[in-house]
Engineer: 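Please see the structure below; I have some questions.
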Amino acid sequence: MKAMRLTAWGGEPALCEVERPIPREAEVLVRVEAAGLCHSDLHVVDAAAGELPYRAPFTLGHEVAGHVAALGPDADGPAVGERVALYGPWGCGGCARCAVGRDNYCDRRGDLDWHGVGLGRDGGMAEYVLVPSARQLVPIGDLSAAQAAPLCDAGLTSYHTVAGMRHALGEGTTAVVIGVGGLGHLAVQILRATTPSRVFAVDVREEALALAEQSGAHGGTLMRSDTARVLKARTGGLGVDAVLDFVGTTATLELATEVLRSGGELALVGSGGGQLTVRKPGFLPPGLRVSLPFWGTRPELTEVIALARSGALHVETEQFPLSVAREAFGRLRGGQVRGRPVLVPA
Ligand code: FEH
Ligand code: ZN
Ligand code: ZN
């Protein structure tokens, strides 16, 4: 079968011909219908040997949807043919966190040489993908695979981020989404669908602000020298209750702390490598709570899929045949994709 693989650290990913896996014990083989492409895939591909705990070679692709193709002899759960989304953060499977579907915060993460499907383990940028058990599968019903795949990471991470700050998103509150790309545009929709907050977007691209408005944002403003003033004015000078930073540079973190109200919530999601000095005495809003949400839980993926099936979420995607995956990597790297790139085995 065809698979887009990281063949060696520091090299370009390559479309390879590999054996189709055979499910053993409780494993389940899934025929891939769509696999999203994430900025984290670029970080993986750009990593030097030893930077990540993963062992090359492996197939990339950590946001995947398809249908069950075969079951190992001890597998339970979805029948052959059932359409599914893959819960991607695979932990040790035996700790207290994994036991309740919080594999994204596995207690043994530091001992593992993987972080999940396509992240040290063979992923879904391929015709087939093997999952350890049916526990990692969420039925998607008639949801299209191109919509379901991005929900496994972009959607789940955004949903988990909102879930972690829901207490600050009640009536009369305001949330700001910085960075309206694959994750940010879904965060806007999730905020609008699950909270009463007013939602404002910040980005450096006019087309991203248009996507934010299309996603339900109440307003948007470009990242400029006066952005803090514009955002504060939108709150009558009070400041915003929550900032979801999907960029994560020093400039976006500084903007966040400039506009946040006392007791506000800052979620740093983007891997921009930015820094924020946290000290007392200091200049941060009193009562500021900072979180670094990572991916999401297995129960939350079920909730995200249900939200999408209710019609509350629409993923902006640009589809590429798996055979030209390298072009998709280049377009994502150049910031030339609107929404989420999705690879379709073809
Ligand atoms: C995956 C692996 C490592 C870092 C970040 C990620 C995210 O893309 C998962 O949402
Ligand atoms: Zn990702
Ligand atoms: Zn674990």
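Every number for a ligand or one of its atoms is a count from 1 in the order of the listing.
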Engineer: Can the positive tip of R331 be found less than 6.0 Å from the middle of the six-membered ring of F320, inside 45° of the ring normal?
Structural biologist: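 Cation-pi check for R331 and F320: fails.
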
Engineer: Decide, counting backbone as well as side-chain atoms, whether H62 has an N, O or S atom less than 2.8 Å from the Zn ion (ligand 2).
Structural biologist: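 Coordinating: yes.
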
Engineer: Hey, do the aromatic rings of F294 and H160 have their centres closer than 6.0 Å?
Structural biologist: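 No - the distance between ring centres of F294 and H160 does not fall below the 6.0 Å cut-off.
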
Engineer: What residue and atom, counting heavy atoms only, is the protein's closest point to atom 9 (C) of ligand 1, and at what distance?
Structural biologist: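 Minimum-distance protein heavy atom for atom 9 (C) of ligand 1 reads D153 OD1, 3.3 Å.
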
Engineer: For atom 3 (C) of ligand 1, grab the closest protein heavy atom and report residue, atom and distance to one decimal in Å.
Structural biologist: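 Checked against all protein heavy atoms, atom 3 (C) of ligand 1 sits closest to F294 CE1, 4.0 Å.
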
Engineer: Run the ring-centre check on W295 versus H62 and record whether the distance is less than 6.0 Å.
Structural biologist: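 Centroid distance W295-H62: below 6.0 Å, so yes.
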
Engineer: Y54 pairs by side chain to side chain contact (heavy atoms under 4.5 Å, CB included) with which of L112, D113, V44?
Structural biologist: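 So, applying the side chain to side chain contact (heavy atoms under 4.5 Å, CB included) to Y54 and each of L112, D113, V44, only V44 qualifies.
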
Engineer: Can you sort out which atoms of ligand 1 are near C38, meaning under 4.0 Å from one of its heavy atoms?
Structural biologist: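 Ligand 1 atoms under the 4.0 Å threshold to C38: 8 (O).
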
Engineer: Check this for me, if you would: do D122 and R5 make a salt bridge, where the nitrogen-to-carboxylate-oxygen distance has to be below 4.0 angstrom?
Structural biologist: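 Yes, this pair counts.
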
Engineer: Could you find the nearest protein heavy atom to atom 1 (C) of ligand 1 and give me its residue, atom name and distance?
Structural biologist: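 Ranking protein heavy atoms by distance from atom 1 (C) of ligand 1, first comes L119 CD1, 3.6 Å.
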
Engineer: Before moving on, can you tell me the angle at the Zn ion (ligand 3) between the SG atom of C98 and the SG atom of C106, to the nearest 10 degrees?
Structural biologist: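 Approximately 110° at the metal, rounded to tens of degrees.
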
Engineer: Distance to 0.1 Å, residue and atom name: give those for the protein heavy atom nearest to atom 6 (C) of ligand 1.
Structural biologist: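 The answer is S40 OG, 3.3 Å.
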
Engineer: Take the Zn ion (ligand 3) as the vertex and measure to SG of C95 and SG of C92; round to 10°.
Structural biologist: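 Computed angle, vertex at the Zn ion (ligand 3), rounded to 10 degrees: 110°.
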
Engineer: Run the numbers for me: atoms of ligand 1, each under 4.0 Å from some heavy atom of T157, listed by number.
Structural biologist: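 With T157 as reference, the close atoms of ligand 1 come out as 10 (O).
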
Engineer: I'd like to know if K2 pairs up with E17 as an ion pair, taking the criterion as any Lys NZ or Arg NE/NH1/NH2 lying under 4.0 Å from an Asp or Glu carboxylate oxygen.
Structural biologist: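 A salt bridge is present here (some side-chain N lies under 4.0 Å from a carboxylate O).
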
Engineer: Rounded to 10°, how many degrees is the angle OD2/D153-the Zn ion (ligand 2)-SG/C38?
Structural biologist: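 Between OD2 of D153 and SG of C38, the angle at the Zn ion (ligand 2) is about 110°.
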
Engineer: Say whether H39 and ligand 1 are in contact under the criterion: heavy-atom distance to a ligand atom below 4.0 Å.
Structural biologist: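 For ligand 1, residue contact (heavy atoms, under 4.0 Å) with H39 is absent.
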
Engineer: What atoms of ligand 1 come within less than 4.0 Å of a heavy atom belonging to H62?
Structural biologist: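 So the atoms of ligand 1 that pass are 8 (O).
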
Engineer: Are side-chain N/O atoms of Q214 and H185 paired as donor and acceptor at under 3.5 Å?
Structural biologist: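 Absent: no donor and acceptor within the cut-off.
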
Engineer: N/O/S of D41 less than 2.8 Å from the Zn ion (ligand 2)?
Structural biologist: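 For D41, the answer is no, given that no N, O or S atom comes within less than 2.8 Å of the Zn ion (ligand 2).
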
Engineer: Indicate if V199 and L307 have the same hydrophobic cluster label, given that clusters are the connected sets of ILVMFWY residues with side-chain heavy-atom separations under 4.5 angstrom.
Structural biologist: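 Yes.
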
Engineer: Verify whether one side chain among E300 and T297 offers a donor that lies under 3.5 Å from an acceptor in the other.
Structural biologist: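 Yes, a side-chain donor-acceptor pair sits under 3.5 Å.
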
